[in-house]
**Q** 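Pasting in a structure now, in structure tokens, and then I'll have a few things to ask.
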Amino acid sequence: MSFVALPRHILRAAQAYRCARFFSTTLSARYENVIVSRPEPKVALITLNRPKALNALNAAHFEDIASALKEADEDADVGAMVVTGSDKAFAAGADIKEMKDKSFAEVYKSNLFANWEVISKLRKPVIAAVSGYALGGGFELALQADILLAAPSAQLGQPEINLGVIPGGGGTQRLARLIGKSRTMELILTGRMLGAEEAERWGIVNRVVREESGVVDAAVKMAKEIASKGQVAVGAGKEAVGAAFEMSLAEGLRFERRLFHSLFATRDQKEGMAAFAEKRKPEWTHS
């Protein structure tokens, strides 16, 4: 009897399917380009699934990603989300075949890529687990995540300059805020790729996951830890950190204090501090 070795991304998706205790077959059946699962009861895993196109992001694919993420964000049982692709490619960019013949009037009137801000607008934390290529729009998608973990195989970059254009989904703006003007200029104007180790040194990725269990397992484990906290405090923490990119230091400090003060109106603050004083685990009600 002979056996055929399946690609790792297929095995990983199957494993996620088997272990999901609250997996919704109805939900995933609606999506052609993503696989939605619950590897942990409070963690939603969205796996990009256009392997033949290296997960290139065409309009239908991105609509599936956005819808799956929004649905998980609105699910009261979900505390955190993980977005990933295959071992070969997180997402190898926007689908050039879909864009190459468009005119200025078409892209301008349709406001192309305006809807790519979906991850940055989600209220719950999102972790990107990147293996292989994350290029162009794929890199911009990953940059929107709150936390970015990378496999040693990750290759990140904005190669749009080689196509006669520049990034249009936030690459120039997010990278400049993350790594500064000079390094962003280098990436945008040369189009070169960064390996995982260099991206870690530059502060683009939180860490490179070298464990044998892999980057998706590490992301799910981290998401599980976040999801074990009170959702109101987690949401406030995400909002406060996000505000640092939009406000002056004085405004940000004032905003942080107001959020801190407001949490004293929650049941979770009373429970958390009482549990600490009584040396027991808190029981969050997310209220």
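Bear in mind that the values here come from a model prediction, so they are computed numbers and not experimental data.
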**Q** Are the side chain of K224 and the backbone of K42 linked by a donor-acceptor contact shorter than 3.5 Å?
**A** no

**Q** Please check if any side-chain donor atom of E71 sits under 3.5 Å from a side-chain acceptor atom of S67, or the reverse.
**A** no

**Q** Counting only N and O atoms by type, is there a donor-acceptor contact under 3.5 Å from the side chain of E256 to the main-chain atoms of A240?
**A** no

**Q** Taking NZ, NE, NH1 and NH2 as the nitrogens, is one of them in R210 or E200 under 4.0 Å from a carboxylate oxygen of the other?
**A** yes

**Q** Determine, stepwise, if the pair E271 / T285 fulfils side chain to side chain contact (heavy atoms under 4.5 Å, CB included).
**A** CA-CA 9 Å; E271 169 61 14; T285 59; over 6 Å; no

**Q** Any donor and acceptor pair, going by atom type alone, linking the side chain of R258 with main-chain N or O of R254 inside 3.5 Å?
**A** no

**Q** Between the side chain of N33 and the main-chain N/O of D64, is any donor-acceptor distance below 3.5 Å?
**A** no

**Q** Is the closest basic N to carboxylate O distance between E106 and K100 below 4.0 Å?
**A** no

**Q** Without swapping roles, check the side chain of R50 against the backbone of A53 for a donor-acceptor pair under 3.5 Å.
**A** no

**Q** Any chance NZ of K70 has more than 12 other-residue heavy atoms, nucleotides or ligands included, within less than 6.0 Å?
**A** no

**Q** Using a strict 4.0 Å threshold on nitrogen-to-oxygen distance, state whether K221 and E211 make a salt bridge.
**A** no

**Q** Going hydrophobic residue to hydrophobic residue with side-chain gaps under 4.5 angstrom, can you get from F260 over to L249?
**A** no

**Q** Using only heavy-atom distances, determine whether the side chains of T266 and Q269 contain a donor-acceptor pair under 3.5 Å.
**A** no

**Q** If you count every heavy atom of other residues, nucleotides or ligands that lies below 6.0 Å from E246 atom CD, does the total exceed 12?
**A** no

**Q** Using 4.0 Å as the upper bound for N to carboxylate O, is an ion pair formed by K102 and E98?
**A** no

**Q** Going through the checks in order, is the side chain to side chain contact (heavy atoms under 4.5 Å, CB included) test met by V209 and R207?
**A** CA-CA 6 Å; V209 178; R207 65 184 175 92; 3.8 Å; yes

**Q** Should M193 and L57 be counted in the same cluster of Ile, Leu, Val, Met, Phe, Trp and Tyr side chains packed under 4.5 Å apart?
**A** no

**Q** If you link ILVMFWY side chains whenever their heavy atoms are less than 4.5 Å apart, which other residues fall into the same cluster as F104? By chain and number, please.
**A** Y108

**Q** Taking only residues at least two apart or on different chains, which pairs with a member in residues 48-69 satisfy ring-ring contact (aromatic ring centres under 6.0 Å, His included)?
**A** F62-W116

**Q** Could you tell me whether a side-chain N or O of S131 sits under 3.5 Å from a main-chain N or O of D87, the two making a donor and an acceptor?
**A** no

**Q** Under 3.5 Å, is there a donor-acceptor pair between the side chain of K124 and the main chain of D75?
**A** yes

**Q** What is the minimum heavy-atom distance between I188 and I161, and which atoms define it?
**A** O-CB, 3.5 Å

**Q** Can you name the side-chain contact (heavy atoms from CB on, under 4.5 Å) partners of V241, sequence neighbours left out?
**A** none

**Q** Could you measure the distance from the CG atom of L141 to the CZ atom of F90? Nearest 0.5 Å is fine.
**A** 4.5 Å

**Q** Under the 3.5 angstrom rule, does the side chain of Q155 hit a backbone N or O of G132 as a donor-acceptor pair?
**A** no

**Q** Give me the atom names and distance for the closest heavy-atom approach of A151 to A196.
**A** O-CB, 3.3 Å

**Q** Please report the shortest heavy-atom distance between L122 and M81, naming the atom on each side.
**A** CD1-CE, 4.1 Å

**Q** Can you give me the closest heavy-atom contact between A129 and V82, atom names plus distance?
**A** CB-CG1, 4.3 Å

**Q** Keeping E140 on the side-chain end and G171 on the backbone end, is there a donor-acceptor pair under 3.5 Å?
**A** yes

**Q** Can any side-chain N or O of S86 pair as donor or acceptor with the backbone N or O of K88 at less than 3.5 Å?
**A** yes

**Q** Tell me whether V215 shares a hydrophobic cluster with L135, the cluster being built from Ile, Leu, Val, Met, Phe, Trp, Tyr side chains joined at under 4.5 Å.
**A** no

**Q** Is there a side chain to side chain contact (heavy atoms under 4.5 Å, CB included) between V130 and T84? Walk through the geometry before answering.
**A** CA-CA 6 Å; V130 176; T84 193; over 6 Å; no

**Q** Hey, mind stepping through I127 and I226 against side chain to side chain contact (heavy atoms under 4.5 Å, CB included) and telling me if it holds?
**A** CA-CA 10 Å; I127 302 172; I226 294 170; 4.3 Å; yes

**Q** What are the two closest heavy atoms between A218 and L149, and how far apart are they?
**A** C-CD1, 4.0 Å

**Q** Tell me, yes or no, whether the heavy-atom count around M247 atom CE, taken from other residues, nucleotides or ligands under 6.0 Å, exceeds 12.
**A** yes

**Q** Would K121 and D73 count as a salt bridge (charged side-chain N to carboxylate O under 4.0 Å, His left out) here? Give the steps.
**A** CA-CA 10 Å; K121 293 179 180 179; D73 197 46; over 6 Å; no

**Q** Do F245 and I204 belong to the same hydrophobic cluster, where Ile, Leu, Val, Met, Phe, Trp and Tyr are linked whenever their side-chain heavy atoms lie under 4.5 Å apart, directly or via other members?
**A** no

**Q** Are E198 and R192 close enough for a salt bridge, meaning some N to O gap below 4.0 Å?
**A** yes

**Q** Looking only at non-hydrogen atoms, find the nearest pair between P282 and G272 and report the distance.
**A** CB-CA, 4.3 Å

